[in-house]
Amino acid sequence: MSEAIKEAEKILKQYYGYDHFREGQIPVIKAVLGGRDVLGIMPTGAGKSVCYQVPALMMEGITIVISPLISLMKDQVGTLNQMGVHAAFLNSSLTAGQYYKALQLAKQGRYKIIYVAPERLETESFLDFALSEHVKISFVAVDEAHCVSQWGQDFRGYLKILDFLDRLPYRPVVGAYTATATAEVREDILDILKLQNPYVETTGFDRGNLFFAVKKPVDKYKELVSYLKEKGCDTSGDSGIIYCLTRKSVEQVCYDLRNEGFSVTRYHAGLSDEERKENQENFIYGKRQIMVATNAFGMGIDKPDVRFVIHYNMPKNMESYYQEAGRAGRDGLPAECILLYAGQDVITNQFFIENMAQESEDPETTALIRQREEKRLKKMTFYCFTHECLRDYILRYFGEYGSNYCGNCSNCLSEFETVDVTVAAKAILGCVRECRQRYGTTVILDTLHGANTAKIRQYHMDENSHYGELSKEPVYRLRQILNELQVREYLYVTADTYSIVRLLPKASELLDEDGTMLMKMAKEEKRILKAAKEKTKTKTSAAAKDLSNEEAAVFEKLRALRMELAKEHKVPPYIIFSDKTLIQMAMEKPSNKEEMLAVSGVGESKFEKYGEPFLACLAER
């Protein structure tokens, strides 16, 4: 092992309390220390921040971390200061006085690491600091690097990074880091940031501790309440996030859950800055267990003990879904990602796509954006329909190929049988063709089921030759077959205001030829079997499920002490010690400083601040 890596491991233990680096961290750190640009693609929770913070503490001069996320800056600077590292952030949350004071101290060499929002890079005050002859910027780390890409247009300020680098008297080492990047995004990052002979590390996108499930409940809210009660969220229980597509849904779900006695708060762009900040802090500091939010919430939230993420609506694409779902279980302990699907979600997302496309004044760009986003929405929708392994579907989307069985998703835990659905499939396609492809899913399925409704009579669908042909099949099963016909590209459902079922050329293989169609169907409609549900029955934290009763009791005492100290020191509980560290304490019961420092996550600085109260708590019998 090189001397540089030995020194890096000392820093890792001293400040972070960890004995060993995680997969992929050493080669990235080694490349930066060797003066080489890097691109690190690592899943959420894999320790991307360590990959630029450790070299920053070893290199001469200052490291600039560029991030669009105010919450992430505050979180990471707070954590670094707690560890004994001098760090600061420069963004719009500071008053003018605080901002100029921070720049003044930065000029004097007070900080090793400075977090800055991309739009600050071209301001006169920041450039005055950065270009000062007394300041040496040795390393620039670009966090959330996918934001530079034309495929992720949410943060256009990122395009100013290159201009900033060009203005420096010398080029520092540049590192780019992201959790989710398809092949196109990867190429964009390398190209736009002009990384020089970069070392590229991709540790894989798999998060083995996350359980994935898709449900299609008749009543989403009832399903949600049932799940939350099962998790013990009506008494104490775990932290979780519920994502909704619209502000209106956030307001309604939050209001209803609060009335049922849940500890809940909300977050969306329609709230004032003050309320958003207060609600976010209540969630992070553990004063509220559940956050109901739009996708405006979460980027940069470093709360490691989120035990579940529920999507009350389907997001617009797999990138958004995996990033939002990935906010669960950042501590590596078991967590659950549940998606509640309904057909209306597709229509809502299509509306958003139309609005996004219209923001461009160039017709060619508008068409390109719409085409690209509709393709991504289709992939997201098919995730909700597939009977294959959900984890494998996600990983294949991001270009990774492995086993088609993970054993930790609702599909893998369901028992399937292969069923010949040729008759039903032909009836669906035939019904669509006979009505000249003029109606939506509900009308088609009602016709096949023989429904005697005003709409069916109005459209004369009771005169369709396929009327009532599948009356003995449950409607939910017909819907499954229709969804499968979409996945296999026999038909598609338009995403207009009125969704219409249309045939694709491939439909003739079943309608006019002797084709057959087999598909996997669950033997029971209930997706998550007893094996999966047993994981969440306990009223203590799901993170502590493998502890004995005695150890679990100690763990809860340690959590209570952590909450007391967090309130006293005005920091989020996880900044003191993570659940993972508390679990190890509960199991090993250290009785002195030496034993406590051997616990993963306990460094010298943390022990000096918090070690004695935890030792005292562990000594109680």
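Counting begins at 1 with the first residue of the sequence.
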Quick one: do the Glu260 and Tyr221 side chains pair a donor with an acceptor below 3.5 Å? yes
Is Asp305 paired with Arg307 through a side-chain N to carboxylate O contact shorter than 4.0 Å? no
Please tell me whether Asn452 and Arg457 have a donor and an acceptor in their side chains that are separated by less than 3.5 angstrom. yes
For Thr246 and Phe352, which heavy atoms make the closest approach, and how far apart are they? CG2-CZ, 4.1 Å
Are Arg266 and Glu251 within salt-bridge range, i.e. N to O under 4.0 Å? yes
Take Tyr312 and Tyr243 through the ring pair (Phe, Tyr, Trp, His ring centres under 6.0 Å) test and state the conclusion after the steps. CA-CA 6 Å; Tyr312 199 71; Tyr243 279 109; over 10 Å; no
Taking all non-hydrogen atoms of both residues, which atom of Tyr574 and which atom of Pro304 are closest, and how far apart? CG-CD, 3.1 Å
Residue pair Phe385, Tyr341: steps toward the ring pair (Phe, Tyr, Trp, His ring centres under 6.0 Å) verdict: CA-CA 9 Å; Phe385 296 166; Tyr341 172 82; 5.6 Å; yes
Quick one: does Leu339's side chain get under 4.5 Å of Pro315's, heavy atoms only? yes
Could you check whether Lys215 pairs with Glu223 (Lys NZ or Arg NE/NH1/NH2 to Asp/Glu carboxylate O, under 4.0 Å)? yes
With a 4.5 Å cut-off on side-chain heavy atoms, are Arg276 and Asp273 touching? yes
Distance-only donor-acceptor check, side chains Gln350 and Glu373, under 3.5 Å: no
Any ion pair linking Lys520 and Glu417 (charged N to carboxylate O, less than 4.0 Å)? no
Assess whether atom NZ of Lys220 is packed by more than 12 heavy atoms of other residues, nucleotides or ligands within 6.0 Å. yes
Step by step, work out the side chain to side chain donor-acceptor pair (under 3.5 Å) result for His449 and Glu473. CA-CA 8 Å; His449 217 243; Glu473 286 279 1; over 6 Å; no
Cation-pi check, Lys506 onto Tyr490 ring (under 6.0 Å, within 45° of axis): yes
Beyond-backbone contact of Thr422 with Lys426, side-chain heavy atoms, under 4.5 angstrom: yes
Please step through side chain to side chain donor-acceptor pair (under 3.5 Å) for the pair Asp345 and Thr348, ending with a clear verdict. CA-CA 5 Å; Asp345 299 339; Thr348 306; 5.5 Å; no
Crowding at CD, Glu23 (>12 non-hydrogen neighbours, <6.0 Å): no
Report yes if some heavy atom in the side chain of Leu377 is under 4.5 Å from a heavy atom in the side chain of Ile353; otherwise report no. yes
Using a 4.5 Å cut-off on heavy atoms from C-beta on, say whether the side chain of Glu144 contacts that of Gln323. yes
Quick check: closest heavy atoms across Cys431 and Asn464, and the distance to 0.1 Å? O-ND2, 3.6 Å
Is the shortest distance from a Lys or Arg side-chain nitrogen in Asp143 or Lys48 to a carboxylate oxygen in the other one below 4.0 Å? no
So Phe212 and Tyr321, would you call those rings parallel, tilted or perpendicular, with 30° and 60° as cut-offs? tilted
Look at atom CD of Gln371 and say whether more than 12 heavy atoms of other residues, nucleotides or ligands are closer to it than 6.0 Å. no
Taking only residues two or more places apart in sequence, or in another chain, which ones meet Tyr322 in a ring-ring contact (aromatic ring centres under 6.0 Å, His included)? Phe398
Closest non-hydrogen atom pair between Asn408 and Arg391, with its separation: O-NH1, 3.6 Å
Is atom NZ of Lys277 surrounded by more than 12 heavy atoms (other residues, nucleotides or ligands) closer than 6.0 Å? no
Just wondering, do Thr447 and Ile456 contact through their side chains at under 4.5 Å, heavy atoms? yes
Is a salt bridge present between Arg330 and Asp579, judged by a nitrogen-to-oxygen distance below 4.0 Å? no
Using only heavy-atom distances, determine whether the side chains of Asn411 and Ser414 contain a donor-acceptor pair under 3.5 Å. no
For Leu510 and Leu485, work out which heavy atoms get closest and say how close. CD1-CD2, 4.3 Å
Does atom CG (Asp514) have a neighbourhood of more than 12 heavy atoms from anything else shown, all under 6.0 Å? no
What residues form a ring-ring contact (aromatic ring centres under 6.0 Å, His included) with Phe308, not counting sequence neighbours? Tyr227
If you measure only the distance, is there a donor-acceptor pair under 3.5 Å linking the side chains of His146 and Thr178? yes
Report yes or no: do Glu434 and Ser465 form a side-chain donor-acceptor pair below 3.5 Å? yes
Any ion pair linking Asp512 and Arg433 (charged N to carboxylate O, less than 4.0 Å)? yes
Val306 to Ala335 - nearest heavy-atom pair and separation: O-CB, 3.9 Å
